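First up is the structure itself, then whatever we jot down about it.
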Amino acid sequence: MHSIRIQFISFITALLLVLLLLLNIYPLTSSRDAVFEEKRSSMTAQASTLASSLSGLERLNPENITEVLRYLDLSGYTRVLVADRSGGSLYDSAGQTGGQIPADLLTCLTGKTVFRSSFREAAFLSSIAIPLSAQGELTGALYLAERDEERAEMLLGFQNRIRAASLAIGALALVLALVYVFLLVNRIRAIVRSMRVVAGGDYSYRHVNRGRDEISELGEEFNQLTERLETTEEQRRRFVSDASHELKTPLASIRLLADSIVQNENVDAETMREFVTDIGNEAKRLQRTTDKLLTLSRLDDNAERELVSVDVKQVVLDTLTPLRPLAQEKQVRLETALEDGCQIRATEDDLFHIVFNLVENAVKYNVPGGAVQIALTGDEKQVTLAVSDTGIGIPEEDRANIFSRFYRVDKARSREAGGSGLGLSIVHDTVRALGGSIEVGQNTPQGSVFTVSFPRPSSKEET
Ligand SMILES: Nc1ncnc2c1ncn2[C@@H]1O[C@H](COP(=O)(O)OP(=O)(O)O)[C@@H](O)[C@H]1O
Ligand SMILES: [Mg+2]
């Protein structure tokens, strides 16, 4: 549960440790090395000066060395030692009996200068051994040793200051990181809380986003998801309520008709027949509605349908046959202009539903003496079917809704004509399932035009 915090803090701590360690080590070693370098050059210069004073002496002995050194300032050295060619002590500031002869001095008798410097016990300890010569001949060696506490103190002070600064920086960075991760985790938690609210069923809840970073983006995405969920839920609710309402009306009529038959003892055969016929009609309407609902639910399921190459002209002609009696009754002319060779990938059933519903509407919502025109055209990309009528037309503001389930412009007129308000939703969903598109427009001078376009299969698919 707290893992992001722990991960983040561990990462920051490790990073800080490495950085501060480097900060503590690198400047100190490099300034120590700089001191070593400086000691080397200053001591080499001093030793050379002393050596050149001593090289004036033809033969080295304790007396003349003391004589020469007396005039020189040797106060800065902890030890000054002069040895002869074989390494025997001739002069030693540590006393005539002196300590041991340093190994460096013996090494130096082979002819090369030996310098050594180290940082120990809060002091820089440096020493140099330099060969002495007279007229090109090695006569002995000079050894100087020095102890510098002042520089060491500076270095240690520097080290302490860096350590203190590192601790302060580390603590500050850690506090800032803690605050940052706290805020970050809180924002993530807020999204999780919002998700729980929505998961609990409150689809109108929206997460409040601050800032414009990835976390806000996450919140934004979540809100959009919630919105879609809300819309779907709303559609589902409306659909259920519309469907129940749609089934309730014919059921109520059936009950009413049945009740009046039961309650009236002396109903004559004629009236009885009339009532029972009405009951039958209501039952037929119920059946039509449930059939359509089943068709729609199958379309919703996106069930895989075996698509074949269908000749649209043939299906249109077959579909018109059962519609002719209705057209005759409504005194509406059916006109066709159908191109040959318009094949699409579909099922005959799908296409039948589409054509039947469009032409049925065009006839139902027409005026006596009106006409319905069915035009089929095709180019290499698509096949277009246009059903236009000279009927009552659809008001502009209703056009966006007529493909919705149970939507009817004029409820009374639709019901009277036996409509359920589901026909156009079936048409719409079927066309979409076949990869096509449908549009509705206005016919001139009056009426409506429904235009359906299907993609034309490429010649390879057409087999
Ligand atoms: N050709 C048309 N002319 C005028 N109105 C139409 C036409 N086609 C559909 N409509 C309107 O759209 C509504 C929905 O159509 P549809 O889904 O087929 O339902 P219905 O079962 O009422 O025919 C109809 O009730 C009607 O008001
Ligand atoms: Mg209809």
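Just so it is clear, the structure is predicted and the values come from calculations on it, not from any experiment. Sequential numbering from 1 along the given sequence is applied to the chain's residues. One-based numbering, in listed order, for ligands and for the atoms of each.
Counted by atom type alone, D268 and T271 present one or more donor-acceptor pairs between their side chains at under 3.5 Å. Using a 3.5 Å distance cut-off with no hydrogens or angles, the side chains of D398 and Y407 do pair a donor with an acceptor. Residues D33 and S31 have side chains that never bring a donor and an acceptor to within less than 3.5 angstrom of each other. No hydrogens or angles considered: nothing links the side chains of N223 and T226 as a donor-acceptor pair under 3.5 Å. Defined by atom type and a distance below 3.5 Å, a donor-acceptor pair is missing between the side-chain atoms of E234 and Y203.
The heavy atom nearest to atom 27 (O) of ligand 1, considering only L424, V409, I392, is found in V409.
Residues satisfying the ring pair (Phe, Tyr, Trp, His ring centres under 6.0 Å) test with F119, not counting sequence neighbours, are F124.
Assignment of N357 to the shell around ligand 1 is not supported, since no heavy atom sits closer than 4.0 Å. The shell of residues lying under 4.0 angstrom from ligand 1, judged by heavy atoms, excludes R413. The shortest separation from a heavy atom of G391 to ligand 1 is not under 4.0 Å, leaving the residue out of contact.
Near S414, meaning under 4.0 Å from any of its heavy atoms, are these atoms of ligand 1: 20 (P), 22 (O), 25 (O). The atoms of ligand 1 that sit less than 4.0 Å from any heavy atom of G423 are 16 (P), 17 (O), 18 (O). Of all atoms in ligand 1, listed by their number and element, those nearer than 4.0 Å to a heavy atom of I394 are 4 (C), 5 (N), 6 (C), 7 (C). Close approach of ligand 1 to Y407 is summarised as follows: ligand atoms under 4.0 Å from at least one heavy atom of the residue are 13 (C), 14 (C). Close approach of ligand 1 to S420 is summarised as follows: ligand atoms under 4.0 Å from at least one heavy atom of the residue are 21 (O).
Other residues, nucleotides and ligands contribute more than 12 heavy atoms inside 6.0 Å of the CD atom of E397.
When side chains are defined from C-beta on, L385 does not count as touching T451, because their heavy atoms never get closer than 4.5 Å. Side-chain contact between D148 and V35 is absent, with no heavy-atom pair separated by less than 4.5 Å. Residues V315 and D311 form no side-chain contact, since every pair of their non-hydrogen atoms from C-beta on lies 4.5 Å or further apart.
Residue-level proximity to ligand 1 for V427 is absent, since no heavy atom of it falls below 4.0 angstrom.
The distance cut-off of 2.8 Å around the Mg ion (ligand 2) captures these protein N, O or S atoms, sorted by chain and number: N361 OD1.
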If you look only at distance, which donor and acceptor atoms sit under 3.5 Å apart when one is on a side chain in residues 430-444 and the other is two or more places apart or in another chain?
from : atom 1 : to   : atom 2 : distance (Å)
T430 : OG1    : I426 : O      : 2.5
Q442 : OE1    : R399 : NH2    : 3.4
N443 : ND2    : D389 : O      : 2.8

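Not a single N or O atom of R408, backbone or side chain, sits closer than 3.5 Å to an N or O atom of ligand 1.
Protein heavy atom nearest atom 24 (C) of ligand 1, with residue, atom name and distance: Y365 OH, 3.5 Å.
Among pairs with a residue in residues 347-361, those fulfilling side chain to side chain donor-acceptor pair (under 3.5 Å) read R305-D350, T347-D350, at least two apart in sequence or across chains.
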